[in-house]
Chemist: 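One structure follows; several queries about it will come next.
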Amino acid sequence: MILAIRAGRALAALLSVSLLAAPLAAKPAPAKRGAPAAKPAPRPAAVVKDTGPWLYRGSDVPQDKEWIFGELPNGVRWVVRKNGVPPGQVSIRIRMDVGSLFEQDHERGYAHLMEHMVFRQSKYLADGAAIPTWQRLGATFGSDTNAETSPISTTYKLDLPDANAAKVDESMKLLSGMMIAPTLSEANVAADVPIVLAEKRERGGLAERISEAVQGTLFAGQRVAVRPVIGTEETLRGATAASVRAFHSRWYRPERAVVIVVGDVDPAVMSDAIARYFSDWPVQGAAVPPPAYGDPVTPKGSSGVNPVGETRVVVEPQVPRGLTYAVMRPWRPVKDTIVYNQGIMIDTLAQAIINRRLEAKARAGGSFLAAGVNHEKYIRSADATFVSITPSGSDWKQALADVRGVIADALASAPTEDEIEREVAEINVAFESSVEQRRLLAGSKLADDMVTALDINETIASPEVVLSIFNQSRALFTPAAVLERTRSLFHGNVTRSIYITPQGGEADAAALKLALAAPVKADGKARLDNKPISFADLPPLGEPGRVVADMPTGVLGIDRIEFGNGVTALLWPTADEPGRLTVKARWGAGYRQFASGDAPYIALGDMALVGSGLATLGQDEIDRVATGRKMGFEFTIDDAAFQFAADTRPADLADQLYLFAAKFALPRWDAAPFTRAKAAAKLQYESFATSPQGVLGRDLKFIQHGRDPRFRTPTPQEIDAATPEGFRQVWQPVLEQGPIEIQLFGDFDKASAIEALRKTFGALPMRRPLPADLQPPRFAEPAASPSPAVLRHRGDPGQAAAIVSWPTGGGMAGVTESRQLQILSDLFQNRLLDAMREKLGASYAPQVSNDWPTDLDNGGSIMALAQLQPAGVPVFFATVDEIAADLVARPPSADELDRVIEPLRQQLTRASTSSAFFMYQLEGASQDQRKFAALRTLLADFTRTTPAEMQALARKYLQKDKSWRLAVIPDGQQLVTGRPSTAPAAAPGR
């Protein structure tokens, strides 16, 4: 049952290449927003077989009765569910039981290519109608319309806003045509292959090399080792209409399809639409069985437990060191029973205990910066226990030995009752929160959970069932049982390993094999003191504060509270989100509060400020005091403020507020988190240079802020020079200065919340004012230039990136215009995508973004960005200039504008059903009351405009002589400046 807590799937994210496909394609929508629902056609007779809940066959897990199951005579299975989160939305998923593991050698990449092909043209869809159709229905490209391919499945996704019976019917019709009868012509193959190759290029290079090395080593001899989802350039270029049709005919069959629909319409409407359009999918010929995936095989001639098999060392000069080893066992289908899930729960406890010990050892400093254990049933190919290690330096042997020592101790003797109880409490609070927040589960999440259940061959259980099984199983969570399951996790057919290092000569495969096979001594020193710490034992923060003002804001039932020490709070208690409560503490002036030489301490504070402790609590004690509680401590640094944030629940609110307030009143400055943050920052720095994306992550913010040194990524040398004393000198004044605003939005009692605030934030001393010489709320900006600045990366020679940016503005006075600029940037985005991806195949996912900081007087921009080949950089610049010039010269058509406004309207309508949306909009509203007024005009600002107004904005901002440009190209290459004569001009999106 997929709601059972499992170990993290970090390695799966590393190993798999989950690739986004082209958006769902369709013909023009049959009905405008607000049109009455068309009367669906009569349901065909005898189209549904009453086969019962097919997902639960062979399982004793109680069925979640909210799901309704069915099966068509041709083998199509379907499942529907009523759900009103967000209101009006219907989420459709079509999961085809085919992925890259199903491909023959000459078909590598075909499963993913098929995503693009079925969206381009099909029985009910004209070529090129995809994006416009879903936009007219209110769906946003990329988020509401999407697809993904894995090694074992291909899933098509549509989140349809403002849905009614007619929209569901039309969507099901179009989707059925895509699955059953796509137009797999030579012309369409020729159009889609360059797009997939652009995607491969953008996601390739170093990341692709490492992923393929990891796959090939850990899964040596198995199909998954040689079937990356994206395929190969050779097989993709060799694709023909005939070969693609053969692949579709073999695998796109009704018995391999599951249609999932969850949403805010009558389940009968959903199931009838499925039956109407999928029941006539013909069954043609005999089904082809899936290929054998293969098993992890014990090395020939080996003996003993966990014999070491394949090992590999990969040298990549710009990447941090990382070592992974895996204990491999064959994957086999399981019966998803209660007993099976109880075993998973004990496995989870075992891993959590080891991971907590590893984290404690890493925090103490030493040979490894981080390490973790993760058990996973991986892609129906292996039942594996993965161990990942980030060495602190070049001594990888010591890091491996130290991690193995902690694991050996867990294999030698049972954990204590206290350790088990601590992890049980952590799991319990997660399950209880799921029950409390059941009403808030989005339909899209429920639909995706069903896809996951199908992928892993398991059932779905309601949150109540999961919690009940967990509570009934607690007697099974004994030290002996955890020890037994721990030993089973580290017993397998073969152990394999890969070490990635920037330093040649540091290791080889033989040395790695010897280190893994060497005897290891159990290390019990990482066992923790797990005795609970009570908040009642922590020091008070001062005398409870006095409320000096409590008044309504006039917006949504939000009240503004002010305490005698100047702390303000915005409180919005709402019964609409049971169990969900978000807390934010916002203060100070963000980057404006730092000096020009503070860049190293800014970066280290982002990583270490919270971990350096508070009151009597160090980092480990903070974890202990929060055991069994739903608490958090996220920290962010914005241009104009600092912020702590957490998701909590009513029972834990008072203690969550104490944690935040104690960081202001009683900060600690423990050195260990600072030292660990230094090591992490140094390891990360070199990896920035390995790709265009990395260089932009390192330098773009710095360039956007006119090369203000506070926004520069510090070098390893600068990090080395940073000291604990310097860290405190920079950050202690930050914690002491500037007004504090608290936001409490969600499920809480106002009177109880105010009392908790009185004892925490209200008890703080009067805040020191911000420095008198604080710079005004603005930063420098790049100068306009027709010639691009050039940055270089040391990664793949076929990768580049390019940016064109136009400055706009900032501040609340222009907030209405900033929202209109979002419409303009979305118009630009549609045209750029069509030109660079669909027409030229030069870039897979070009983007246009709009940013307008409301807490600064400047800094806003419209920015166009694309990843492409170095030779495509001038094509991008020319295409962007042509689109901008056309928007300046001519207004968009009414239809083009509607295809932008309707998705925006639906995005806002859905987002506004969550208090988190309003919380974000009102950050800082205690100090700037204009944010309340701006909230009232938000929907109108984003959705009411005219073609002429869009042209006027383009004339104001999108002039070429106001822009600045940036190119990131491979080291050793010169920037290409001439546009190829074969590149077509960008057509206006009219």
Chemist: Please confirm whether the ring centroid of Phe477 lies under 6.0 Å from the ring centroid of Phe470.
Modeler: yes

Chemist: I'd like to know whether the aromatic ring centres of Trp731 and Phe635 sit less than 6.0 Å apart in this structure.
Modeler: yes

Chemist: Checking side-chain polar atoms at under 3.5 Å, does Thr568 have a donor or acceptor matched by the opposite partner on Glu562?
Modeler: no

Chemist: Would you check if the side chain of Asn530 reaches a backbone N or O of Leu528 as a donor-acceptor pair within less than 3.5 Å?
Modeler: yes

Chemist: How about Glu736 and Gln732: does a side-chain donor come under 3.5 Å of a side-chain acceptor?
Modeler: yes

Chemist: Between Gln729 and Pro733, which heavy-atom pair has the shortest distance, and what is it?
Modeler: O-CD, 3.2 Å

Chemist: I'd like to know if the side chain of Ser392 and the backbone of Leu369 have a donor-acceptor N/O pair within less than 3.5 Å.
Modeler: yes

Chemist: Give the intermediate values and the outcome of ring-ring contact (aromatic ring centres under 6.0 Å, His included) for residues Phe702 and Tyr591.
Modeler: CA-CA 12 Å; Phe702 173 56; Tyr591 275 90; over 10 Å; no

Chemist: With ring centroids as reference points, do Phe664 and Phe644 lie under 6.0 angstrom apart?
Modeler: yes

Chemist: Just one of Arg356, Arg422, Arg363 clears the side chain to side chain donor-acceptor pair (under 3.5 Å) bar with Asp623, so which one?
Modeler: Arg363

Chemist: What's the shortest heavy-atom distance between Asp928 and Met812, and which atoms?
Modeler: OD2-CG, 3.3 Å

Chemist: Is the shortest side-chain heavy-atom distance between Val482 and Ile353 below 4.5 Å?
Modeler: yes

Chemist: Can you tell me how far apart CG (Leu683) and NZ (Lys678) are? Round to the nearest 0.5 Å.
Modeler: 13.0 Å

Chemist: To the nearest 0.5 Å, tell me how far Arg728 CZ sits from Thr723 OG1.
Modeler: 12.0 Å

Chemist: Measure from the ring center of Phe660 to the ring center of Trp587 and say whether it is less than 6.0 Å.
Modeler: no

Chemist: Apply salt bridge (Lys or Arg N to Asp or Glu O under 4.0 Å) to the pair Glu634 and Lys584, showing each step before the final yes or no.
Modeler: CA-CA 9 Å; Glu634 295 180 9; Lys584 293 182 181 179; over 6 Å; no

Chemist: For Thr553 and Asp559, run side-chain contact (heavy atoms from CB on, under 4.5 Å): C-alpha distance rounded to whole Å, both residues' side-chain angles, the deciding distance at 0.1 Å, then the answer.
Modeler: CA-CA 5 Å; Thr553 63; Asp559 293 332; 5.8 Å; no

Chemist: Do the side chains of Arg819 and Thr937 get nearer than 4.5 Å, heavy atoms only?
Modeler: yes

Chemist: Between Leu659 and Leu614, is any pair of side-chain heavy atoms under 4.5 Å apart?
Modeler: yes

Chemist: Got a donor-acceptor contact below 3.5 angstrom from the Glu755 side chain to the Ser752 backbone?
Modeler: no

Chemist: Is a donor on one side and an acceptor on the other found under 3.5 Å between the side chain of Arg778 and the backbone of Asn858?
Modeler: no

Chemist: Can you list the steps and then say if Lys682 with Asp720 is a salt bridge (Lys or Arg N to Asp or Glu O under 4.0 Å)?
Modeler: CA-CA 8 Å; Lys682 290 167 61 179; Asp720 264 334; 2.8 Å; yes

Chemist: May I ask you to check whether Gln743 and Glu923 show a side-chain donor-acceptor distance below 3.5 Å?
Modeler: no

Chemist: Begin from the C-alpha positions of Leu609 and Lys663 and carry the test side-chain contact (heavy atoms from CB on, under 4.5 Å) through to its verdict.
Modeler: CA-CA 9 Å; Leu609 182 66; Lys663 191 62 189 179; 4.1 Å; yes

Chemist: Measure the OG1-CG distance between Thr616 and Leu538 for me, rounded to the nearest 0.5 Å.
Modeler: 5.0 Å

Chemist: Which is it for Asn428 and Arg474 under the side-chain hydrogen bond (donor to acceptor under 3.5 Å, both in side chains) test, yes or no, and what are the steps along the way?
Modeler: CA-CA 10 Å; Asn428 182 71; Arg474 290 194 180 210; 2.8 Å; yes

Chemist: If you count heavy atoms of other groups shown closer than 6.0 angstrom to NZ of Lys759, is the number above 12?
Modeler: no

Chemist: Are any side-chain N or O atoms of Asp598 and backbone N or O atoms of Ala595, one a donor and one an acceptor, separated by less than 3.5 Å?
Modeler: yes

Chemist: Please examine the side chains of Met919 and Thr582, heavy atoms only from C-beta on, and report whether any two atoms are closer than 4.5 Å.
Modeler: yes

Chemist: Please name the residue in the list Arg438, Arg439, Gln437 that meets the side chain to side chain contact (heavy atoms under 4.5 Å, CB included) test with Pro578.
Modeler: Arg439

Chemist: Which heavy atom in Gln929 sits nearest to a heavy atom in Ala925, and how many Å separate them?
Modeler: NE2-O, 3.3 Å

Chemist: Answer whether the closest heavy-atom distance between the side chains of Thr913 and Val85 falls below 4.5 Å.
Modeler: no

Chemist: Which one of Trp572, Phe932, Phe745 satisfies the ring-ring contact (aromatic ring centres under 6.0 Å, His included) criterion with Phe918?
Modeler: Trp572

Chemist: Can you find a pair of side-chain heavy atoms, one from Leu440 and one from Arg580, that are under 4.5 Å apart?
Modeler: yes

Chemist: Rounded at 0.5 Å granularity, tell me how far CG in Leu700 sits from NE2 in His705.
Modeler: 9.5 Å

Chemist: Are the side chain of Asn565 and the backbone of Met766 linked by a donor-acceptor contact shorter than 3.5 Å?
Modeler: no

Chemist: Going through the checks in order, is the salt bridge (Lys or Arg N to Asp or Glu O under 4.0 Å) test met by Asp855 and Lys931?
Modeler: CA-CA 10 Å; Asp855 295 315; Lys931 293 191 175 184; 2.9 Å; yes

Chemist: Which is it for Phe761 and Phe563 under the ring-ring contact (aromatic ring centres under 6.0 Å, His included) test, yes or no, and what are the steps along the way?
Modeler: CA-CA 9 Å; Phe761 281 93; Phe563 294 91; 8.9 Å; no

Chemist: Applying side-chain contact (heavy atoms from CB on, under 4.5 Å) to Thr713 and Arg698, what does each step give before you reach the verdict?
Modeler: CA-CA 6 Å; Thr713 300; Arg698 183 191 66 197; 3.7 Å; yes

Chemist: So, taking the atom named CE in Met631 and the one named CD in Gln656, what distance separates them when rounded to the nearest 0.5 Å?
Modeler: 4.5 Å

Chemist: Which value, rounded to the nearest 0.5 Å, describes the distance between Lys361 atom NZ and Arg357 atom CZ?
Modeler: 12.0 Å

Chemist: Just wondering, do Ile427 and Met345 contact through their side chains at under 4.5 Å, heavy atoms?
Modeler: no

Chemist: How far apart are the closest heavy atoms of Arg930 and Ala813, and which atoms are they?
Modeler: NH1-N, 3.8 Å

Chemist: Can you see which heavy atom on Ala753 is nearest to which on Leu653, and at what distance?
Modeler: CB-CD2, 3.9 Å

Chemist: Does the side chain of Asn355 come under 3.5 Å of the side chain of Glu359 through a donor N or O and an acceptor N or O?
Modeler: no

Chemist: Could you please spell out the steps behind the side-chain contact (heavy atoms from CB on, under 4.5 Å) verdict for Asp576 and Asp747?
Modeler: CA-CA 8 Å; Asp576 294 335; Asp747 182 10; over 6 Å; no

Chemist: How about Arg936: does its CZ atom have over 12 heavy atoms from other parts shown lying under 6.0 Å from it?
Modeler: yes

Chemist: Just by distance, with hydrogens left out, do Ser612 and Asp670 show a side-chain donor and acceptor under 3.5 Å apart?
Modeler: no

Chemist: What's the shortest heavy-atom distance between Glu426 and Ala626, and which atoms?
Modeler: OE2-O, 3.8 Å

Chemist: Taking C-beta and beyond as the side chain, do Pro739 and Arg767 meet within less than 4.5 Å on heavy atoms?
Modeler: no

Chemist: So does Phe535 have more than 12 non-hydrogen atoms from other groups sitting under 6.0 Å from CZ?
Modeler: yes

